[in-house]
Colleague: 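Take a look at this one; I'll ask things after.
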Amino acid sequence: MYLTYVIIFVAAFIASTTQRVTGFGFGMLFMTVSPHLMPSYPEATALSGLLALVCAVVTGIQYFRFVPWKKLVPILITFLVVSFFAVNLVGRLDSSLMKKALGGILIFLSFYFGFIRNRIRMRPSLPVQVGMGTLSGLTGGLFAMQGPPAVIYFVSCTESKEEYMAITQWFFIISNCFMTGERAANGFLTSNVLWGWAAGVAAVLLGLFVGGRIYVRVPISAVRKCVYVFIGVAGIIALLS
């Protein structure tokens, strides 16, 4: 039992540090561990979502004034609609098969945008926002990993590190609040989840502090490269886990 809480602490620290530097990644990293620690897969998604919410709120408050709401609202509304159905499906699907499918998608996205990004630029058009919002709703509701599709759009359409960090964190704040409510309604917020949250919340705050020190020294071009590399690594992890 105590070893489980130690692992949760370490995983939450690494995941929150990564998210503070790259703007996302908490769910992808933490979900490589939590399904092996929690009694059920839905409880693992609930724990990840709760800790990710803390991670996003702390950073999001700092960057609130930089949020480009016109770029955020359409993708967020699409996400909320799609994730509602995805959360209600998660308990009925083969999680192992779905994680491998997600891994393949992440690797493809990492390769495509990592190598061809200089030839294209996503504009905040409605079709792009709806498309990425749909993908994010599916991956968020099923895997507690709503970041990759949305972040690929955010990293391309934002003009500065501050704007990028603001839009990603407020997307995570609102999306995780919504999905936490849906998971609670489906009975996923158990005592095991709450104890796990208590074990991980201090690690999240510590990781944010460490990540913040790293972030101020990293240029936006390096952040973008980290994003694409990290997506590919997360895809490989999902395929192998």
Colleague: Would a 4.5 Å heavy-atom cut-off, applied to side chains only, mark Phe30 and Leu51 as touching?
Modeller: yes
Colleague: Does Phe13 reach the side chain of Val210, with side-chain heavy atoms less than 4.5 Å apart?
Modeller: yes
Colleague: How are the rings of Phe171 and Phe79 set relative to one another: parallel (under 30°), tilted (30 to 60°) or perpendicular (over 60°)?
Modeller: perpendicular
Colleague: Ignoring hydrogens and geometry beyond distance, is a side-chain donor-acceptor pair present between Thr59 and Gln169 at under 3.5 Å?
Modeller: no
Colleague: Is it the case that the side chain of Trp170 and the backbone of Gly60 share a donor-acceptor pair, with hydrogens and angles ignored and the cut-off at 3.5 Å?
Modeller: yes
Colleague: Mind checking the CZ-CG spacing from Phe178 to Leu76? Nearest 0.5 Å is all I need.
Modeller: 10.0 Å
Colleague: Run the ring-centre check on Tyr164 versus Phe154 and record whether the distance is less than 6.0 Å.
Modeller: no
Colleague: Heavy atoms only: give me the nearest Thr22-Phe24 pair and the separation to one decimal.
Modeller: OG1-O, 2.7 Å
Colleague: Are the side chain of Ser136 and the backbone of Gln146 linked by a donor-acceptor contact shorter than 3.5 Å?
Modeller: yes
Colleague: Could you tell me the separation between the OG1 atom of Thr158 and the CG atom of Leu72, rounded to the nearest 0.5 Å?
Modeller: 12.0 Å
Colleague: Give a yes/no verdict on a cation-pi contact between Lys161 and Tyr215, requiring under 6.0 Å between NZ or CZ and the six-membered ring centre and an angle within 45° of the axis.
Modeller: yes
Colleague: Identify the heavy atoms of Pro39 and Asn192 that sit nearest to each other, and give their distance.
Modeller: CG-ND2, 3.4 Å
Colleague: Kindly indicate whether the side chain of Leu205, heavy atoms from C-beta on, has any atom under 4.5 Å from the side chain of Val58.
Modeller: yes
Colleague: Among all residues two or more places apart in sequence or in another chain, which pass the side-chain contact (heavy atoms from CB on, under 4.5 Å) test with Pro127?
Modeller: Ser125
Colleague: Are the side chains of Leu189 and Leu50 in contact, using a 4.5 Å heavy-atom criterion?
Modeller: yes
Colleague: Would you say that Lys71 contacts Glu163 through its side chain, given a criterion of any heavy-atom pair below 4.5 Å between the two side chains?
Modeller: yes
Colleague: Pick from Gln19, Gln62, Arg20, Arg213: which one makes a side chain to side chain contact (heavy atoms under 4.5 Å, CB included) with Leu208?
Modeller: Arg20
Colleague: I'd like to know if the side chain of Thr17 reaches the main chain of Gly207, judged simply by a donor and an acceptor atom lying under 3.5 Å from each other, with no hydrogens or angles considered.
Modeller: yes
Colleague: For Thr134, give me all partners under side-chain hydrogen bond (donor to acceptor under 3.5 Å, both in side chains), at least two apart in sequence or on another chain.
Modeller: none
Colleague: Tell me yes or no: between the side chains of Glu43 and Thr190, is some donor less than 3.5 Å from an acceptor?
Modeller: yes
Colleague: Anything under 30° is parallel, anything over 60° is perpendicular, the rest tilted; go ahead and classify Phe66 against Tyr63.
Modeller: tilted
Colleague: Looking at OG1 of Thr4 and CG of Leu37, how far apart are the two atoms once the value is rounded to the nearest 0.5 Å?
Modeller: 5.5 Å
Colleague: Under the salt bridge (Lys or Arg N to Asp or Glu O under 4.0 Å) definition, can you give me all pairs with a residue in residues 177-190, not counting sequence neighbours?
Modeller: none
Colleague: Grab the two heavy atoms, one from Gln129 and one from Ile75, that are nearest each other, plus how far apart they are.
Modeller: O-CG1, 3.4 Å
Colleague: Is the shortest heavy-atom distance from the side chain of Ile8 to the side chain of Ser34 under 4.5 Å?
Modeller: no
Colleague: Just by modelled atom types, is the Ala86 backbone N or O under 3.5 Å from a matching donor or acceptor in the Ser83 side chain?
Modeller: no
Colleague: Supply the atom-to-atom distance Thr18 OG1 to Phe26 CZ, rounded to the nearest 0.5 angstrom.
Modeller: 10.0 Å
Colleague: Counting C-beta onward and ignoring hydrogens, is there a side-chain heavy-atom pair between Cys177 and Leu53 closer than 4.5 Å?
Modeller: yes
Colleague: Return yes if some donor-acceptor pair links the side-chain N/O of Ser48 with the main-chain N/O of Ala44 below 3.5 Å, else return no.
Modeller: no
